[in-house]
Amino acid sequence: MGAAAHDRSGELVGCLGDRCAKVRVAAIGSLARFGPRGQMYAADIARSMQDEDCGTAVAAIEALAGMGQRGAAFADEVADALEDPRDPVRSAAAAALEAFGWEGAPGAAAEGQ
């Protein structure tokens, strides 16, 4: 992404609080595609895991899973999502934890057998 895209990242972060879930999901996806520049917004994206909209929460978890070390810094918060009442959120959290190489990830014990 070029400098012009990075200049818009502040506007995208602002969209994380938009009242429309589709806008929030699009903002998360756009920030995630910024690569290393987008990773500096991992904390903002992590807050979206608590979103009441299931798709937004899933998008946030999936974005963190693709952010390497910056995303993995939120592994404990992602692990909390394993207790979410929504199946897609729990599934996304389990997949993210596996991507992080988190020892407590569901399926990690089975892989070690």
Side-chain angles (χ1 to χ4, degrees):
M1 296 274 162
H6 181 63
D7 292 342
R8 298 280 187 184
S9 60
E11 292 175 34
L12 286 171
V13 171
C15 290
L16 295 176
D18 196 275
R19 65 182 181 179
C20 178
K22 288 182 180 182
V23 171
R24 295 191 303 270
V25 170
I28 290 167
S30 294
L31 287 168
R33 284 189 295 279
F34 278 0
R37 287 185 176 180
Q39 290 177 12
M40 62 193 259
Y41 300 104
D44 298 293
I45 291 171
R47 282 190 284 280
S48 295
M49 290 189 298
Q50 303 299 317
D51 200 284
E52 63 186 35
D53 176 69
C54 183
T56 303
V58 168
I61 293 167
E62 290 174 346
L64 290 171
M67 290 187 166
Q69 292 282 335
R70 292 257 175 117
F74 296 94
D76 288 339
E77 290 83 353
V78 172
D80 289 343
L82 293 171
E83 303 297 323
D84 194 284
R86 302 167 291 186
D87 287 336
V89 174
R90 290 193 308 269
S91 294
L97 291 170
E98 287 185 37
F100 296 152
W102 200 61
E103 290 184 23
E111 291 175 13
Q113 293 179 355

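The OG1 atom of Thr56 sits 10.0 Å away from the CG atom of Asp18 when rounded to the nearest 0.5 Å. Note that CD of Gln39 is 9.5 Å distant from CD1 of Ile45, once rounded to the nearest 0.5 Å. Atom CG of Asp53 and atom SG of Cys20 lie 9.0 Å apart (nearest 0.5 Å). If you take CE on Met40 and CG on Leu31, they are separated by 10.0 Å, rounding to the nearest 0.5 Å.
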| query | Should Trp102 and Asp76 be marked as a side-chain contact (heavy atoms from CB on, under 4.5 Å) after you check the CA-CA gap, both sets of side-chain angles, and the distance that decides it? | reply | CA-CA 9 Å; Trp102 200 61; Asp76 288 339; 4.0 Å; yes
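For the residue pair Ala43 and Phe74, the shortest heavy atom distance occurs at CA-CZ, 3.5 Å. Phe100 and Ala75 make their closest contact through CD1-CB, 3.8 Å (heavy atoms, listed as atom of the first residue, atom of the second, distance). Residues Ala42 and Met67 come closest through the heavy atom pair CB-SD, 3.8 Å.
Hydrophobic cluster membership differs between Val25 and Val78, with clusters built from Ile, Leu, Val, Met, Phe, Trp and Tyr side chains linked at under 4.5 angstrom. Transitive grouping of hydrophobic side chains (ILVMFWY, heavy atoms separated by less than 4.5 Å) brings Phe34 and Ile28 into a common cluster. Ile61 is connected to Val13 through a chain of hydrophobic side-chain contacts under 4.5 Å among Ile, Leu, Val, Met, Phe, Trp and Tyr, so both are in one cluster.
Two residues are said to be in side-chain contact when any heavy atoms from C-beta on lie closer than 4.5 Å; Leu64 and Met49 meet this criterion. By the 4.5 Å heavy-atom criterion applied to side chains, Arg24 and Asp51 are counted as neighbours.
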